[in-house]
Amino acid sequence: MAADAPSTVPVQLVEQPRLLKLKESFIAKFGSAPKFYVRAPGRVNLIGEHIDYCGYAVLPMAIEQDILIAVEPVKTEVVQLANINSSYLDFSTSVNNIQINKSKPQWHNYFLCGLKGIQVELAEICTKSERYIGTEGGGMDQSISFLAEEGTAKLIEFSPLRATDVRLPSGAAFVIANSCVEMNKAATSHYNIRVMECRLATKLLSKSKSLDWKKMLRLQDVQASLGVSLEEMLTIVEEVLHPEPYSTEEICKCLGISLEDLRSQILSQNTQNVSTFKLYQRAKHVYSEAARVLEFKKICSEAPDNAIQLLGELMNQSYISCKEMYECSCPELDRLVDICLQFGAIGSRLTGAGWGGCTVSMVPTDKLNTFLKNVKKAYYQNDGQRLALENNGLFATKPGRGALVFVEA
Ligand code: GLA
């Protein structure tokens, strides 16, 4: 299925308290009513972490929780942005001169990225747009936001973009828990360092197999060119790469290029001064995680009696690989995963980029209430800051619908 435009849904605002409140705030701020509203769902990745930008399929679902935007088209060339949360300041700029300050990430930059993206090219607009913020994202979030359907997670494959239903087993709920640690992907280089490590591993593996390494960008390209299985790729990683970190000098020597070439032709802007890269561990994570995604889908479609157990094991393996091989966890996420497993989750893992953010846990439905009570007590109760976030930060969710436009009926 291709990425369709979001659907338009007529709604009675009296039945939609959040939209009604948004309308009132809009009128109070701009003195006129919005013409339409846009919904973009949150998403949770069930499995397949840090492999979308390597070309591999991932398995997320959109959730019921969302962001709402009220819009009024205007005739001037000035775009005015305001946020219901007053700690995010109003912003306005001319559409003809969009400046995105990457050194100081601000909420309105994400909106400006969208505008800038539209001006460049419509196809693959969302994934490309995000890159203007400075991160080399893989497109999972944007794809699930547009391709989601209520009641089903999706296997998202890339190049070309495709989405296939993955029906989750009944009898288990998916619980999202916020670690209350924030990692600003755009303001730090953690994320891009990983993308570059995967790119460098791609180059070294390609070179060792006499492939045209200059053209190869993603770990999936190596597998596709060699025509081998993911398991065989894991063996090749063992043979070709070493676990000790690679210095830039060693990488340049392996590829026969200068440091200037490495910086200008391979590395991103915010990884120019990184001096060592772990290639073996990152490639091991990517190829094994890509295999786990396919296994997860297979179990969902075959639905054996012990499906929940098997899916839980895959989620746990994914988490261990993220923590040990990809090093994208943090002590708070580790603690939260431990707590979730201790109180009855069959599987629990960090979801999304990591280094903070949320965990997703699979919990048998009959244990859900006690699970939520116990996790609240163990992780949130004794910490004022966490407790304040807990209301929106610990909840069970179901696969929700995708992005859409609301118009007042
Ligand atoms: C972030 C990115 C996605 C993906 C995940 C990790 O959410 O936006 O593209 O790479 O991290 O799986």
Side-chain angles (χ1 to χ4, degrees), residues 3 40-63 65 67 105 109-110 113-114 117 124-148 153-159 161 163 176 178-179 181-199 201-202 217-220 268 270-271 282-283 285-294 296 314-315 317-323 325-330 333 349-360 403:
R43 68 95 183 96
V44 60
N45 191 20
L46 298 177
I47 194 157
E49 223 60 89
H50 286 285
I51 59 174
D52 55 354
Y53 51 79
C54 297
Y56 284 108
V58 292
L59 211 154
M61 66 189 197
I63 60 173
Q65 291 71 15
I67 286 180
N109 279 353
Y110 278 95
C113 288
E124 293 191 315
I125 176 173
C126 292
T127 304
K128 265 195 189 157
S129 298
E130 194 197 16
R131 300 207 179 111
Y132 290 115
I133 209 83
T135 47
E136 297 287 323
M140 165 174 58
D141 310 286
Q142 298 83 355
S143 310
I144 191 64
S145 185
F146 282 112
L147 303 178
K154 298 272 181 178
L155 179 82
I156 302 283
E157 294 167 279
F158 301 97
S159 321
L161 183 59
I176 295 177
N178 192 341
S179 70
V181 174
E182 272 185 32
M183 165 57 71
N184 189 329
K185 271 196 301 169
T188 58
S189 51
H190 294 67
Y191 188 86
N192 278 2
I193 290 175
R194 292 295 176 278
V195 180
M196 293 309 130
E197 287 174 320
C198 291
R199 190 177 290 174
T202 301
L217 277 176
R218 306 168 314 165
L219 285 166
Q220 198 266 344
S268 70
N270 66 350
T271 55
R282 310 317 183 213
H285 167 76
V286 169
Y287 289 125
S288 66
E289 183 78 350
R292 280 186 289 272
V293 169
L294 300 181
F296 193 98
L314 286 173
M315 291 175 75
Q317 287 166 11
S318 164
Y319 165 67
I320 290 168
S321 181
C322 283
K323 174 176 149 78
M325 300 308 255
Y326 222 68
E327 297 178 277
C328 62
S329 189
C330 66
L333 281 171
R349 54 183 303 279
L350 65 87
T351 182
W355 299 288
C358 295
T359 59
V360 57

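All values derive from a computational prediction rather than experimental measurement. Atoms within a ligand are numbered from 1 in the order they appear, just like the ligands themselves.
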* Purely on distance, is any nitrogen or oxygen of Y53 under 3.5 Å from one on ligand 1? -> no
* Per-atom contacts of ligand 1 with G138, taking only distances under 4.0 Å to non-hydrogen atoms -> 9 (O)
* Tell me which protein heavy atom sits closest to atom 4 (C) of ligand 1, plus the residue, atom name and distance to 0.1 Å. => D52 OD2, 3.3 Å
* Any donor-acceptor N/O pair, W355 side chain to E327 backbone, under 3.5 Å -> yes
* Side chains of I176 and T351: closer than 4.5 Å at any heavy-atom pair? -> no
* For ligand 1, is any non-hydrogen atom under 4.0 Å from R43's backbone (N, CA, C, O), its side chain (CB onward), both, or neither? -> side chain
* Structure fact -> min-distance protein heavy atom vs atom 8 (O) of ligand 1 -> D141 OD2, 2.5 Å
* Structure fact -> protein heavy-atom neighbour closest to atom 10 (O) of ligand 1 works out as Y191 OH, 2.6 Å
* To do: Give a yes-or-no answer on whether the side chains of R218 and S159 include a donor-acceptor pair shorter than 3.5 Å.
  => yes
* Worked check of side-chain hydrogen bond (donor to acceptor under 3.5 Å, both in side chains) between S288 and R292 -> CA-CA 6 Å; S288 66; R292 280 186 289 272; 3.2 Å; yes
* D52 side chain vs G137 backbone, donor-acceptor pair below 3.5 Å -> no
* Are H50 and E289 close enough that some pair of their side-chain heavy atoms sits under 4.5 Å apart? -> no
* Structure fact -> Heavy-atom proximity to atom 1 (C) of ligand 1, picking from R194, K185, M140, points to K185
* Asked: Would you say ligand 1 has an N or O under 3.5 Å from any N or O of I51?
  -> no
* Asked: Can you say whether the rings of Y287 and Y56 are parallel (under 30°), tilted (30 to 60°) or perpendicular (over 60°)?
  -> perpendicular
* For ligand 1, which atoms, with element, lie under 4.0 Å from some heavy atom of E49? -> 6 (C), 12 (O)
* For G352, take its heavy atoms, then give the atoms of ligand 1 lying under 4.0 Å from any of them. => 6 (C), 11 (O)
* **Close-contact set for ligand 1 against G139 heavy atoms, below 4.0 Å** => 9 (O)
* Hey, does the side chain of E157 reach the backbone of A163 with a donor-acceptor pair shorter than 3.5 angstrom? -> no
